[in-house]
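Remarks on the structure that follows.
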Amino acid sequence: MELLEQVRTAAEWIRKEDARPFDLGIILGTGLGALADEIGAARIIPYGEIPHFPESTVKFHAGRLVLGELEGKMVMAMQGRFHGYEGYPLRQVTLPVRVMHALGIRRLILTNAAGGIQPQLVPGSIALIRDHINLMGANPLIGPYDPALGVRFPDMSEPYSAALRRLARQAAAELKIELHETTFGAVMGPAFETEAEIRMLQILGIDTVGMSVVPEVLVARQLEMELLAVTAVTDQSLPGAMNSVSHEQVNHVAAELGPRMRALLRAIIRAL
Ligand code: HPA
C-alpha cells in the first residue's frame with residue numbers, strides 16, 4: 001500500500017539520520033514553535049529533506065523536525081504542522097504521526113492555536129482538550145485498509161488520555177498557571193468563523209475552535225497512541241461581541257503566551 005510504503009521510507013530515512021530511540025512526539029502549532037529551540041543535542045531536519053513529507057506552506061510554521069533531548073526525554077518535535085486547508089489530503093497531513101509511530105513513539109503531545117468561543121476563554125488562556133467534535137467533513141482514516149495502519153474502527157471513548165490530563169493539571173497547579181479544559185471543534189478553514197457559525201458551535205457544546213489537531217488525533221488513535229493536547233487561545237469571538245481575527249494576531253498572541261506554554265509543557269514532559 002502506497003501510504004504504508006511512504007511511512008516506512010520516511011521512518012527509515014529518519015532512523016539513518018538519527019538512531020537514538022524516541023520517548024515522545026510533540027507537534028508545535030502556530031506561534032508555538034519556540035519550544036523546539038530549547039531541545040538539547042538537537043538534530044534539525046527541514047521537512048523538504050524527508051521523503052514523502054509535505055512542505056509547510058503556512059507563515060509562522062518553521063517546517064522542520066527537531067530531534068533531541070528535553071527534560072530528560074528523547075523527543076521528536078514537529079516545528080510546524082500541515083493542515084487540510086493547505087490543500088493536502090488529510091492522509092498526507094497526518095503522515096508524520098504515522099512516521100512517529102513507526103519510529104517507536106507511543107505518546108504524543110499536540111499543541112495548537114484556537115479561538116475561544118466561551119466568555120472565560122479570553123485571548124492568552126491555556127486549555128487542555130478534553131474532547132472534540134470533528135466538523136471538518138473529512139477524516140484521514142477514510143480509504144483502503146491494511147491492518148498495518150492500525151485498527152479499522154478506532155475507539156474514541158477517551159481520545160485525550162485522562163491520566164495525562166491529570167498530570168498536566170498537576171503541573172499547571174505547581175506553576176500557578178490557570179488551565180482550562182475544553183471541548184474543541186475542528187473546522188477546515190481557512191476562513192475564520194462567522195457570527196452564525198460561532199452561535200452554532202456554542203449550541204454544539206464547543207468551547208474552542210481551530211483548524212488542526214483532530215486529523216492527527218484520529219490517526220494517533222487508530223495507532224492506539226496516548227495523547228495530550230494543549231491549546232493556546234489566541235482570540236475570542238462571541239455572538240454580539242465579534243472581534244476581527246487575523247493570522248498575524250493568532251501568531252502574535254501565541255508567541256506572547258509562549259513562555260507560559262513552554263514552562264507548562266516542560267513541566268509535563270519532566271513528569272512523564
Ligand atoms: N478560528 C479558527 N481557527 C483558529 C482561530 C479561530 O478563531 N484562532 C486560531 N485558529
Side-chain angles (χ1 to χ4, degrees), residues 26-35 56-63 78-88 90 93-94 109-140 160 179-218 229-258 260-262 264-265:
I26 308 174
I27 301 181
L28 297 167
T30 306
L32 301 169
L35 182 69
S56 256
T57 69
V58 194
K59 219 164 95 180
F60 310 130
H61 282 256
M78 289 183 70
Q79 205 173 25
R81 60 150 59 84
F82 310 112
H83 307 80
Y85 64 72
E86 293 173 81
Y88 296 122
L90 295 187
V93 166
T94 52
I109 298 181
L110 304 121
T111 67
N112 69 319
I117 61 164
Q118 299 293 344
Q120 72 277 18
L121 294 167
V122 297
S125 304
I126 299 180
L128 296 177
I129 301 180
R130 183 199 308 114
D131 203 352
H132 73 231
I133 298 181
N134 179 9
L135 296 168
M136 289 184 154
N139 186 312
Y160 303 89
L179 188 60
H180 300 266
E181 285 216 37
T182 48
T183 298
F184 175 70
V187 297
M188 195 60 104
F192 292 113
E193 292 67 40
T194 66
E195 187 166 20
E197 286 166 344
I198 301 273
R199 205 176 297 117
M200 173 192 77
L201 296 169
Q202 285 184 337
I203 289 168
L204 295 177
I206 288 168
D207 307 304
T208 54
V209 57
M211 305 172 194
S212 63
V213 175
V214 165
E216 295 147 355
V217 166
L218 289 165
V230 189
T231 297
V233 178
T234 52
D235 54 277
Q236 184 184 58
S237 285
L238 303 170
M242 292 297 289
N243 291 304
S244 84
V245 192
S246 70
H247 187 56
E248 280 65 27
Q249 182 200 346
V250 166
N251 181 62
H252 179 74
V253 178
E256 236 174 37
L257 259 157
R260 252 188 312 143
M261 193 78 169
R262 290 200 291 280
L264 177 61
L265 290 169

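Note that the structure is a prediction, hence the values are computed from the model and not measured. Whatever order the structure lists ligands and atoms in, that order sets their numbers, starting from 1.
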Looking at Leu257, Asn251, Val250, which hits side chain to side chain contact (heavy atoms under 4.5 Å, CB included) with Val253? Leu257
Within the structure provided, determine whether [X] and [Y] are in side-chain contact (heavy-atom separation under 4.5 Å).
{"X": "Glu193", "Y": "Leu201", "result": "yes"}
{"X": "Glu197", "Y": "Arg199", "result": "no"}
{"X": "Val230", "Y": "Leu128", "result": "yes"}
{"X": "Arg81", "Y": "Asn112", "result": "yes"}

Protein neighbours of ligand 1 with a heavy atom under 4.0 Å, given by chain and number, are Ala113, Ala114, Gly115, Phe192, Glu193, Val209, Gly210, Met211, Thr234, Asp235, Val250
CA sep, side-chain torsions, deciding dist, call: Glu248, His252, side-chain hydrogen bond (donor to acceptor under 3.5 Å, both in side chains): CA-CA 6 Å; Glu248 280 65 27; His252 179 74; over 6 Å; no
